[in-house]
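The structure appears below as structure tokens.
Fair warning: this is a prediction, and the values are worked out from it, not measured in the lab. The chains referred to below are lettered A, B, ... by the order of the sequence lines, with proteins before strands, and numbering in each begins at 1.
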Protein chains: 2
Amino acid sequence: MDDLGPIRVFLEVARQSSFTGAARVLGTTPASVTRAVARLEEALGQQLLLRTTRRVSTTSAGAMIAARYTGLLEEFDAATEQIRQESLPDRGQLRLNAPMSLGLRLMPGLVESFRLAYPHVQLQIRLTDRLIDIMEEPCDVAIRISQAPADKSTIWRKICEVPRHVVAAPALFERVSRPQTPDEIDRFSCLSYGDTSEPETWTFQKDRSRRQVQARGDVISNNGDLLYELVLKGGGMALLPDFITSEGVASGAVETVLDDWPVPMLWLTLFYPPYEKLPPLVATFTDFFEVYLEENASGAFRWS
Amino acid sequence: MDDLGPIRVFLEVARQSSFTGAARVLGTTPASVTRAVARLEEALGQQLLLRTTRRVSTTSAGAMIAARYTGLLEEFDAATEQIRQESLPDRGQLRLNAPMSLGLRLMPGLVESFRLAYPHVQLQIRLTDRLIDIMEEPCDVAIRISQAPADKSTIWRKICEVPRHVVAAPALFERVSRPQTPDEIDRFSCLSYGDTSEPETWTFQKDRSRRQVQARGDVISNNGDLLYELVLKGGGMALLPDFITSEGVASGAVETVLDDWPVPMLWLTLFYPPYEKLPPLVATFTDFFEVYLEENASGAFRWS
DNA sequence: GTTATTATTACGCTTGACGCAATAGATTAG
DNA sequence: CTAATCTATTGCGTCAAGCGTAATAATAAC
């Protein structure tokens, strides 16, 4: 017995003590009610209702079953109703994913602000730098910083661009002169961002000319903040997004290098799992995120 | 969404993270699984599973729904299983109905004995003298004492016969001589059993001759025990079943009258509501009752 | 690049449920 | 006591929904 229909019908008949009455309430015919009850009795293997053409009452089994099922059915309907409610755009669960460095800077304010606006949303925030297969760990939206989503099988949305600069501590240039062209970078120790054991390749662009340089050096890390700390200590040069370095640049703790050789900007994108249609709550977050970012972090990002 | 099938399918897919695997477990085809999940998503109005041809995971909504429904479904199955268990012949609920006078004498011992034999049966015992419409108040078996079930719409079963005698206190005959024929009953005050305001009509039978006599008197009661008490006090004669009078007859407190003019015996019968098929527990009780009565009360009843 | 696996969809079929009308049973009215 | 009425059930024709098979599209593995 997997169909709740007959159970509902039976309960209504038991409540009313009438097949015809139940049919009226349920908007069907007495014949259908008869068959539904018969199906249930067949499935449970026992007679539930005592029928005379004029009066209907429940057997002992029927009474117990009615008592047992009514509560369950109410719970079930409540659950279903709640589930349907959860599809509203302002409540439910939202599993976010963001990169470590950006997440640590951005999420505290973002989450506080979002929770204020949408208090009925349960948030689950996961900071991870691996560009996880979105299917791997459950996730509704992933904030990513990447070059240019070549992946055509995933759904993504560009939010803004992320300027980057090569930075270094001023102390670094006390003995060695600042580089004037990308090729001169070879003279410095470079700090690479990445998961691999291969150093980064930095691409510079001036007017129409383009230079690619290997970031030679002994340190590779998958964490931008760590690289930044090393830069502060004079450990070398690093190509880092502005949202990490902007404060240090403003205070003079670090200096940008090769300002006239811009580095292609990264994209700040939202990645979605392969939705058929964007869930309402996810759409809500997307909009909120876009507005929040433009209003609160315009310094380190660029809208084109 | 009234069909639990799709929910079960969805839960299995979520557990396995695979449509094909779920199909294998559920003994169906992947195509069917796809459609079942699609139906559920349609009914709930939101996407529950994220599919790639190679990997499956749940959306936020799907995860919550899975969590919410699994418990409910287990409860539901447990209830269904229990209900199926209740159809066994030695457990469940049994609603009994018996006449007042017989019930008070019979039920204490019967119930004690029955509970010993069937400890998992819930008994509900109702003593009432009205020959209730069995459909009126819920009842699984009704013990009745009646003339001869003419009612053809009800199911009944004759257990044994109930001898009756006209009894009176010995003191009654100190001044007036005992009646020798039914007609002489007119000389005494008679105590009638019944619900109406009409006195009883007593039928006597000797050989092939038959006499009907109006039980003239000023007292009518629907309770045999009350009549018996009145008889003990010398209030008149009454036609009472032996199970009420036998003790008094044995001790000499009352005497039977017109012993050579027997009164047609009543029937002790079990009445059932209009069952399609006798429920197992009811059948159990019926058998138990028959055996118990023969073994414990053979004095006041007669098997033919 | 090729193969194998997986989810989906189109097609044909069967099963099952429904509504209507007719039947049987029981209560009420006269 | 009889007729009328209301009720539950059942047979019949219809229709929709679900299933399995086979074909398709997409992805991961070799």
Side-chain angles (χ1 to χ4, degrees), chain A residues 1-10 12-14 16-43 47-59 62 133-136 150-155 273-276, chain B residues 1-10 12-14 16-43 47-59 62 132-136 150-155 273-277:
Chain A
M1 177 50 49
D2 256 13
D3 196 347
L4 298 182
I7 297 179
R8 291 187 198 278
V9 173
F10 162 68
E12 187 57 37
V13 173
Q16 294 216 15
S17 288
S18 161
F19 281 65
T20 308
R24 238 191 324 270
V25 169
L26 299 173
T28 180
T29 62
S32 188
V33 173
T34 293
R35 281 187 284 252
V37 172
R39 272 198 298 277
L40 184 62
E41 291 180 326
E42 179 71 22
Q47 190 173 349
L48 305 180
L49 291 174
L50 299 166
R51 306 105 145 126
T52 310
T53 51
R54 211 59 180 183
R55 208 177 294 281
V56 174
S57 73
T58 63
T59 64
D133 187 355
I134 297 206
M135 310 295 293
E136 285 286 349
D151 207 329
K152 74 164 191 272
S153 76
T154 54
I155 319 173
Y275 290 128
E276 201 70 31
Chain B
M1 175 53 46
D2 256 14
D3 196 349
L4 297 182
I7 297 180
R8 292 187 198 279
V9 173
F10 162 69
E12 188 57 37
V13 173
Q16 295 217 16
S17 288
S18 160
F19 281 65
T20 307
R24 240 192 323 271
V25 170
L26 299 173
T28 179
T29 62
S32 189
V33 173
T34 294
R35 281 186 289 250
V37 173
R39 271 199 298 279
L40 184 61
E41 289 179 328
E42 180 70 23
Q47 190 173 349
L48 305 179
L49 292 173
L50 299 166
R51 306 106 144 128
T52 309
T53 52
R54 213 58 181 185
R55 207 177 294 281
V56 173
S57 74
T58 62
T59 63
I132 46 132
D133 187 356
I134 298 205
M135 309 294 292
E136 284 287 349
D151 208 329
K152 74 165 190 272
S153 77
T154 55
I155 318 173
Y275 290 127
E276 202 69 31
K277 193 177 72 64

Expressed as a whole number of angstroms, how long is the span from [X]:[atom1] to [N]:[atom2]?
{"X": "A:I155", "N": "D:dA26", "atom1": "CD1", "atom2": "C1'", "value": "15 Å"}
{"X": "A:E276", "N": "C:dT9", "atom1": "CD", "atom2": "P", "value": "8 Å"}
{"X": "B:L50", "N": "C:dT8", "atom1": "CG", "atom2": "P", "value": "11 Å"}
{"X": "A:D3", "N": "C:dT15", "atom1": "CG", "atom2": "C1'", "value": "14 Å"}
{"X": "B:R39", "N": "C:dT8", "atom1": "CZ", "atom2": "P", "value": "13 Å"}
{"X": "B:E12", "N": "C:dA7", "atom1": "CD", "atom2": "P", "value": "13 Å"}

task = Respond yes when some side-chain nitrogen or oxygen of B:S32 is under 4.0 Å from OP1 or OP2 of D:dC19, and no when none is.
result =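 So the side chain of B:S32 is within the cut-off, an N or O lying under 4.0 Å from OP1 or OP2 of D:dC19.
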
ask   = How close do A:A23 and A:P30 get, heavy atom to heavy atom, and via which atoms?
value =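 Looks like CB-N, 3.6 Å.
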
task = Report yes if some heavy atom in the side chain of B:V9 is under 4.5 Å from a heavy atom in the side chain of B:L26; otherwise report no.
result =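 Answer yes - side chains close enough.
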
ask   = Do A:D2 and B:D3 come within less than 4.5 Å of each other through their side chains, counting heavy atoms only?
value =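 Counting from C-beta outward, A:D2 and B:D3 do come under 4.5 Å.
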
key: Under 3.5 Å donor-acceptor, B:T59 side chain and B:L48 backbone   =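 Looks like yes, one N/O pair under 3.5 Å.
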
query = Would a distance-only check, ignoring hydrogens and angles, find a side-chain to backbone donor-acceptor pair under 3.5 Å from B:E12 to B:A22?
reply =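 No, because the side chain of B:E12 does not come within donor-acceptor range (under 3.5 Å) of the backbone of B:A22.
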
task = Go through the steps for B:E41 and B:R35 under the test salt bridge (charged side-chain N to carboxylate O under 4.0 Å, His left out), then give the verdict.
result = CA-CA 10 Å; B:E41 289 179 328; B:R35 281 186 289 250; over 6 Å; no

key: Nucleic acid footprint by protein, nucleotides 2-14 of chain D - heavy-atom cut-off 4.0 Å, B for base, S for sugar-phosphate alone   = ----BBSBBB---

